[in-house]
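Here's the structure we're looking at; comments come further down.
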Amino acid sequence: MLGEVKRKNRIKLGFLPTRRNCMSKEEAGKFKRLIEAKVKSYGFKYVNLDWLNEEGLIYSGLDSDKVAGRFIQEEVDAIFAPHCNFGTEDAVAKTAKKVGKPLLIWGPQDDAPSSDGYRLRDTQCGMFATTKVLNRLGVPFTYITNSCIDDEIFDRGFRNFISAASVVKSFRTLRIGQICTRPPAFWSVICNEGELLERFGIEVVPITLVDIIKEVESIIKVNSSELKGTVESIKNKFKTIRMDDAALTKLAAIKLTIRYWADIEGLSAIAIQCWSALQEAMGIAACFINGELTDDGLPAACETDIHGAITSVMCQAAGLHETPIFFADLTIRHPENPNAELLWHCGNFPHSLIKEGSHNILADHFDMKCPGGQDFEIKGGDITISRFDGMNGEYFLLMGQGKGVDGPMSRGTYVWVEFNDWPLWEEKFIYGPYIHHCTGIHGKHASALYEACRYIPGLKPDPVDPTEAEIRRFLRG
């Protein structure tokens, strides 16, 4: 299912190579072909300019309307404007302004002057000119340091831009499903639904628990082959299951109900009141269901945390929908490692992330004593932590990175994560506007989340570790 989400959210690039008449036309054509071959090697869909003229390059501002119209028609998600020689700044800037999608500026490093002293491209000089016009027109952009096409810095910058564009694409179409109200005691997850809509265009789509229960009962009554298959798939995941088939069937039916609703409404994620209404109404804990939905590419945030659901979509997009997120509480410090913290929740982590050799149990929730809890540790490695949150009309995106380490066993689902300076992280969460919830995803994605904020007006990046200076130094190579 996550593969289907990846396919639907695959980035389409508008390829906008540019040259200028005063520099070598032949050299520009050569580098256009080299750069396009490089772009093609990444496997992303792209739309080029071969239809515009015989060169497939833009070199007149008069063509910007035609090119922008084609890119909009093709529904590109981002634009890459390589300067194949000096480039034409008004053509690039006007096209980008009209399309309104993330923009990447780069030019291949220039050769030394020829023996007679002539220079053929001057791409770096052209980048300076284009970015001046972009700044004048208020067009946000990303750039990669002037470098050779096979340099690591180009690969790093291009991949990071695609990940950032993926975050922006997902953020601009956010629809969060809200199942029931927030738990009464959880003031920390209060959010301003109207402000999210007005400021960012984020839609919250509510549904009552009564509606969920009616559909669950209908699915159980029909007892379809899909329901039976879902039950069997659950059984095949666990070494130990401590519940009867009736409870497993109820879990499977709830998962299918939420999945159907999410598909009908086109939801990006859900936020569910995981306790205590569902337990009282159906005798089921939502933890396992949340993990299943998240594993399918539909992040599920606990305790009706709308901001947590938003964060989860952004993190999944930063990873190009290749791996599921996990939604966690920041709980306790490691008893022996002062820079490690327990990232935990009752049982909502995706099963696909389970650590090899971990206990692997589906049973009653350890505290609520009803079916739907999970117990296992997830794998370590590089982990990115993030949190979208706001207060008093200001919104921030916290991001940083750590590494999974060994630690004591805990009930529920968990991973111990070591940071370079945990007290710095603790201070960030204490002074806010953040709460004890965060989203984790395997891999190093802080720089992509940071870059995405460039294209989301009103959202301020708040990097912890690496710092903003370290992220920018990393991207400069």
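Computation of the quantities below employed the complete heavy-atom set of this structure, encompassing side-chain atoms and omitting hydrogens, waters and symmetry-equivalent molecules. Note that the numbering runs from 1 along the sequence shown for the chain. Note that this is a predicted model, so its numbers are computed, not measured.
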Closest contact, heavy atoms only, [X] versus [Y]:
{"X": "Leu251", "Y": "Ile284", "answer": "CD2-CG2, 3.6 Å"}
{"X": "Ile11", "Y": "Phe44", "answer": "O-CB, 4.2 Å"}
{"X": "Phe71", "Y": "Val47", "answer": "CE2-O, 3.7 Å"}
{"X": "Ser170", "Y": "Asn9", "answer": "OG-OD1, 4.1 Å"}
{"X": "Ala286", "Y": "Ile272", "answer": "CB-CD1, 4.1 Å"}
{"X": "Phe349", "Y": "Ala328", "answer": "CZ-CB, 3.9 Å"}

For [X], salt bridge (Lys or Arg N to Asp or Glu O under 4.0 Å) partners two or more places apart:
{"X": "Arg159", "result": "Asp155"}
{"X": "Asp406", "result": "Lys355"}
{"X": "Lys94", "result": "none"}
{"X": "Lys379", "result": "none"}

Point to revise | Sequence neighbours excluded - side-chain hydrogen bond (donor to acceptor under 3.5 Å, both in side chains) pairs with any residue from residues 241-251 | key: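 Those involving residues 241-251 are Lys235-Asp245.
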
Practice item. Using the side-chain hydrogen bond (donor to acceptor under 3.5 Å, both in side chains) rule, collect all pairs that involve residues 220-229, keeping only residues at least two apart or in two chains. Key: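 Applying side-chain hydrogen bond (donor to acceptor under 3.5 Å, both in side chains) to every pair that reaches into residues 220-229, excluding sequence neighbours, yields Glu226-Tyr260.
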
Exercise for review: Kindly check if the number of other-residue, nucleotide or ligand heavy atoms within 6.0 Å of NZ (Lys444) is above 12?
Suggested key: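 Counting other residues, nucleotides and ligands, NZ of Lys444 stays at 12 neighbours or fewer.
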
Point to revise | Crowding at NZ, Lys239 (>12 non-hydrogen neighbours, <6.0 Å) | key: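 Result for NZ/Lys239: enclosed.
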
**Study point:** Qualifying residues under side-chain contact (heavy atoms from CB on, under 4.5 Å), relative to Asn420, sequence neighbours excluded
**Key:**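 With neighbours one apart ignored, the set is Asp465.
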
Review point. Excluding sequence neighbours, so at least two apart, what forms side-chain contact (heavy atoms from CB on, under 4.5 Å) with Asn192?
Key: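 Checked Asn192 against side-chain contact (heavy atoms from CB on, under 4.5 Å); matches are Glu195, Tyr395.
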
Is [X] reaching over with its side chain to a backbone N or O of [Y], donor-acceptor style, under 3.5 angstrom?
{"X": "Trp344", "Y": "Arg411", "value": "yes"}
{"X": "Glu232", "Y": "Asn236", "value": "no"}
{"X": "Asn337", "Y": "Asn339", "value": "yes"}
{"X": "Ser386", "Y": "Leu398", "value": "yes"}
{"X": "Ser166", "Y": "Ala317", "value": "yes"}
{"X": "Ser312", "Y": "Thr439", "value": "no"}
{"X": "Thr294", "Y": "Pro350", "value": "no"}
{"X": "Gln316", "Y": "Gly297", "value": "yes"}
{"X": "Arg182", "Y": "Pro184", "value": "yes"}
{"X": "Ser41", "Y": "Lys38", "value": "yes"}

Side-chain touch [X]/[Y], heavy atoms, less than 4.5 angstrom:
{"X": "Ile207", "Y": "Trp261", "value": "yes"}
{"X": "Ile219", "Y": "Glu215", "value": "yes"}
{"X": "Leu362", "Y": "Gln374", "value": "yes"}
{"X": "Ile179", "Y": "Leu278", "value": "no"}
{"X": "Trp422", "Y": "Leu330", "value": "yes"}
{"X": "Ser218", "Y": "Val216", "value": "no"}
{"X": "Met314", "Y": "Ser268", "value": "no"}
{"X": "Glu418", "Y": "Glu341", "value": "no"}

Review point. So which pairs with a foot in residues 201-247 pass ring pair (Phe, Tyr, Trp, His ring centres under 6.0 Å), sequence neighbours left out?
Key: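 Qualifying pairs, neighbours excluded: Phe238-Phe288, Phe238-His351.
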
Would you compute the distance between atom [atom1] of [X] and atom [atom2] of [Y] and round it to the nearest 0.5 angstrom?
{"X": "Arg10", "Y": "Ile162", "atom1": "CZ", "atom2": "CD1", "value": "11.0 Å"}
{"X": "Asp77", "Y": "Arg172", "atom1": "CG", "atom2": "CZ", "value": "9.5 Å"}
{"X": "Tyr46", "Y": "Leu13", "atom1": "OH", "atom2": "CG", "value": "10.0 Å"}

Practice item. Using side chain to side chain donor-acceptor pair (under 3.5 Å) as the criterion, list what pairs up with Tyr143, not counting sequence neighbours. Key: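 Listed in chain order: nothing, the list is empty.
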
Review point. By side chain to side chain donor-acceptor pair (under 3.5 Å), which residues pair with Glu280, not counting sequence neighbours?
Key: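 For Glu280 the side chain to side chain donor-acceptor pair (under 3.5 Å) partners, ignoring immediate neighbours, are Ser276.
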
[Y] versus [X], side-chain donor and acceptor atoms under 3.5 Å:
{"X": "Asp382", "Y": "Gln401", "result": "no"}
{"X": "Ser147", "Y": "Trp106", "result": "yes"}
{"X": "Thr142", "Y": "Glu451", "result": "yes"}
{"X": "Glu377", "Y": "Trp416", "result": "no"}
{"X": "Ser163", "Y": "Asn160", "result": "no"}

Point to revise | Residues which pass ring-ring contact (aromatic ring centres under 6.0 Å, His included) with His437, listed by chain and number, not counting sequence neighbours | key: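 For His437, the residues satisfying ring-ring contact (aromatic ring centres under 6.0 Å, His included) (neighbours in sequence not counted) are Phe327, His345.
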
Check your understanding: Phe158 vs Phe154 aromatic rings, parallel, tilted or perpendicular, using cut-offs 30° and 60°?
Key ->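 Ring orientation, 0 to 90° scale: parallel.
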
Practice item. Measure the acute angle between the ring planes of Phe200 and Phe171, then classify it against the limits of 30° and 60° as parallel, tilted or perpendicular. Key: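 Answer is perpendicular, since the angle exceeds 60°.
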
Point to revise | Arg156 NZ/CZ over Phe474 ring centroid, <6.0 Å and within 45° of normal | key: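 The answer is yes; both the distance and angle limits are met.
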
**Study point:** Pairing of Arg387 and Asp462 as salt bridge, 4.0 angstrom limit
**Key:**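 Looking at Arg387 and Asp462, the cut-off is not met.
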
Check your understanding: Do Glu292 and Lys255 meet the salt-bridge criterion of a basic N to acidic O distance under 4.0 Å?
Key ->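 Between Glu292 and Lys255 there is a salt bridge, with a charged N closer than 4.0 Å to a carboxylate O.
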
Check your understanding: Run the side-chain hydrogen bond (donor to acceptor under 3.5 Å, both in side chains) check on His307 and Asp389 step by step: do they pass?
Key -> CA-CA 6 Å; His307 287 176; Asp389 227 322; 2.8 Å; yes

Review point. Passes salt bridge (charged side-chain N to carboxylate O under 4.0 Å, His left out), Lys12 versus Glu75? Steps please.
Key: CA-CA 8 Å; Lys12 181 187 280 190; Glu75 298 182 325; over 6 Å; no

Practice item. Applying salt bridge (charged side-chain N to carboxylate O under 4.0 Å, His left out), run through Glu203 and Arg175 and close with a yes or a no. Key: CA-CA 5 Å; Glu203 299 179 39; Arg175 285 171 60 83; 2.4 Å; yes

Point to revise | For Ile202, the option from Ile306, Leu174, Val313 that meets side-chain contact (heavy atoms from CB on, under 4.5 Å) | key: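 Only one option passes, and that is Leu174.
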
